[in-house]
Amino acid sequence: MQPGVRKFRRTPEGYRWDDVDLLAYKQTGTHFKDITRQVLFGEEAGLPTELRYFEVAPGGHSTFEKHQHVHAVLILRGRGRVLVGGTITDISAFDLVYIPPMTWHQFHAHESEPLGFLCLVACDRDRPIRPSESDIEALRSDPIVGGFMRV
Ligand code: MN
């Protein structure tokens, strides 16, 4: 990683930084919608963590998933809602979200605003788990979670 500054830019396509690639959120799948990923500080920065920026377009959402690794999230732009375990909360710029190990979670952008957030994760981390058919059935039996989840 080059020493020094990479400048920030606001673009019509979203928040960008010089020399940071805009990546697909995940390589495959249809279980997420309208979301991009940028690795701001990756493994090459020499830290045990990676700092990523995700941007969910209006009406979009991240994957409904859980895993052993944790997420430490700072909302940077827009607004939306997040499910953490059995709790759904409205979120907007500068709110912090902590997602503990093996806790179902999903981010939804508001219908009329994007949702951009920084997400800190361990470099060495497990792969996310998506809900099985029986998980989905159990989750749907909770009216709050069931009404929110998009799988
Ligand atoms: Mn996750």
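Both ligands and their constituent atoms are indexed starting at 1 by order of listing. Just so you know, residue 1 is the first one in the sequence shown, and it goes up from there. Reckoned from all heavy atoms, side chains included, excluding hydrogens, waters and symmetry mates.
Aromatic pair H110/H108: centroids not less than 6.0 angstrom apart.
The cationic group of R81 does not satisfy the cation-pi geometry with F148, failing either the under 6.0 Å distance to the six-membered ring centre or the 45° limit from the ring axis.
The pair E65-R130 does not meet the salt-bridge criterion, since no charged nitrogen lies less than 4.0 angstrom from a carboxylate oxygen.
One distance of note links CZ of F107 with CZ of R150; it measures 13.5 Å at 0.5 Å rounding.
The angle subtended at the Mn ion (ligand 1) by NE2 of H71 and NE2 of H105 is 100°, given to the nearest 10°.
Residue-level check: among N/O/S atoms of E65, OE2 sits closest to the Mn ion (ligand 1).
Within the coordination shell of the Mn ion (ligand 1), defined by N, O or S atoms under 2.8 Å, H67 is present.
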